[in-house]
Amino acid sequence: MAISSVQILGTGQLLELQRRLRAAGHENIRSSMQRRIRRAAEPLRDDLQSTIRGLSIRSAGRGSGKRGGRSPTTRPLRATIAGAIRISVRTGGNPGARVWVDKGLLPPDLKNMPQVINTGRIRHPVFGNRRRWATQTATPLWWDKTVQRHQARMTSEVARVVDDVRRRIE
């Protein structure tokens, strides 16, 4: 399964609630609601970041007589991906919280790496040599499993926020 953004939606309820808040002019309640929805998504973002930072990526190793050494890049792969995980809260046409990988923050050669790592199999040229390839393995579905652990908590948290706001404006 490919990495997709995670969205916690109660679209109908949130849309109706946002319309009522705008009509009533409750800007502070609206900003409070956005802040609370963002807070509901922060533990998921933090867990995704710590999961990718601690993810073990293994290789089969070198055969006897093979040369090897340190990577020629100083760019830390897992930390780079962790730094690109973002949260956005929308209250417009498709309201809710969204946790996603911002590919704009990744270097051009790593744009698809979160999805590739999520498959559990990373195949790449050895030090850029397209005639020699290496295969490395990682824990498959790291994104999906982490999201599943948080989904119920986030859904109930957003529902509680919506109910609290609804009570405040009625």
Side-chain angles (χ1 to χ4, degrees), residues 1-14 34-63 66 68-162:
M1 181 173 186
I3 290 180
S4 61
S5 61
V6 181
Q7 295 185 15
I8 301 299
L9 306 170
T11 307
Q13 291 176 339
L14 285 173
Q34 289 174 326
R35 187 174 51 254
R36 289 177 64 192
I37 290 174
R38 175 178 290 281
R39 279 198 194 129
E42 284 173 353
L44 171 60
R45 183 207 48 208
D46 296 344
D47 197 13
L48 283 167
Q49 288 175 334
S50 68
T51 300
I52 189 64
R53 281 189 181 108
L55 195 66
S56 172
I57 299 177
R58 301 165 299 282
S59 67
R62 295 186 293 269
K66 304 271 177 135
R70 294 183 47 82
S71 170
T73 68
T74 57
R75 182 180 59 211
L77 171 69
R78 290 169 281 235
T80 301
I81 293 171
I85 298 174
R86 296 278 181 253
I87 299 174
S88 60
V89 177
R90 294 185 55 186
T91 58
N94 190 15
R98 181 174 168 228
V99 179
W100 52 291
V101 176
D102 186 354
K103 291 185 178 185
L105 296 176
L106 295 175
D109 59 332
L110 296 181
K111 298 247 185 254
N112 293 325
M113 192 54 71
Q115 292 96 328
V116 171
I117 293 174
N118 198 46
T119 66
R121 183 172 179 260
I122 307 159
R123 189 160 159 73
H124 60 90
V126 177
F127 296 116
N129 179 356
R130 295 215 163 274
R131 289 179 296 190
R132 289 191 52 148
W133 288 75
T135 300
Q136 293 181 289
T137 57
T139 307
L141 304 176
W142 67 273
W143 178 275
D144 302 332
K145 290 176 182 175
T146 306
V147 167
Q148 273 183 335
R149 284 197 309 264
H150 288 268
Q151 194 131 18
R153 180 196 56 77
M154 284 179 61
T155 304
S156 66
E157 183 84 18
V158 170
R160 191 174 74 218
V161 168
V162 169

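Everything quoted here is computed from the prediction, not taken from an experiment. Residue indices begin at 1 and follow the sequence shown.
A pairwise comparison of heavy atoms in Gln49 and Ile52 identifies O-CG2, 3.2 Å as the closest pair. Closest of all the heavy-atom pairs between Ala97 and Ile37 is CB-CG2, 3.6 Å. Looking at every heavy atom in both residues, Gln136 comes nearest to Ile57 through CB-CG2, 3.9 Å. Considering every non-hydrogen atom in both Leu106 and Thr80, the closest pair reads CD2-O, 3.7 Å. Pairing each heavy atom of Ser88 with each of Trp100, the nearest pair is OG-NE1, 3.4 Å.
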Quick one: do Arg98 and Ile87 satisfy side chain to side chain contact (heavy atoms under 4.5 Å, CB included)? Show the steps, please. CA-CA 6 Å; Arg98 181 174 168 228; Ile87 299 174; over 6 Å; no

Given Trp142 and Val147, is the side chain to side chain contact (heavy atoms under 4.5 Å, CB included) satisfied, shown in steps? CA-CA 9 Å; Trp142 67 273; Val147 167; over 6 Å; no

Side chain to side chain contact (heavy atoms under 4.5 Å, CB included) between His124 and Thr135, worked out: CA-CA 7 Å; His124 60 90; Thr135 300; over 6 Å; no

Run Met113 and Leu77 through side chain to side chain contact (heavy atoms under 4.5 Å, CB included) and show every step you take. CA-CA 9 Å; Met113 192 54 71; Leu77 171 69; 3.7 Å; yes

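Annotation: the span from Lys145 atom NZ to Asn118 atom CG amounts to 9.5 Å, rounded to 0.5 Å. For the atom pair CD1 of Ile81 and CG of Leu110, the computed distance is 6.5 Å after rounding to the nearest 0.5 Å.
The backbone N or O of Leu55 lies less than 3.5 Å from a partner atom in the side chain of Arg78, making a donor-acceptor pair. Counting only distance, with no hydrogens or angles, the side chain of Asp102 and the backbone of Ala84 share no donor-acceptor pair below 3.5 Å. Here the side chain of Arg86 pairs a donor or acceptor atom with the backbone of Gly83 at under 3.5 angstrom. The closest donor-acceptor contact from the side chain of Arg153 to the backbone of Ala40 lies under 3.5 Å.
The environment of CZ in Arg130 is sparse: at most 12 heavy-atom neighbours from other residues, nucleotides or ligands sit within 6.0 Å.
The closest side-chain donor-acceptor pair between Ser56 and Arg58 falls under 3.5 angstrom.
Two residues are said to be in side-chain contact when any heavy atoms from C-beta on lie closer than 4.5 Å; Val101 and Trp143 meet this criterion. A heavy-atom distance below 4.5 Å is found between the side chains of Ile117 and Ile122. Contact annotation: the side chain of Trp133 never approaches that of Val126 to less than 4.5 Å [non-hydrogen atoms, C-beta and beyond]. The shortest distance between side-chain heavy atoms of Pro125 and Arg132 does not fall below 4.5 Å.
A salt bridge links Arg160 and Glu157; the closest N-O separation between the charged side-chain nitrogens and carboxylate oxygens is under 4.0 Å.
Considering Leu141, Val99, Leu44 in turn, Leu44 is the only one that fulfils the side-chain contact (heavy atoms from CB on, under 4.5 Å) rule with Thr146.
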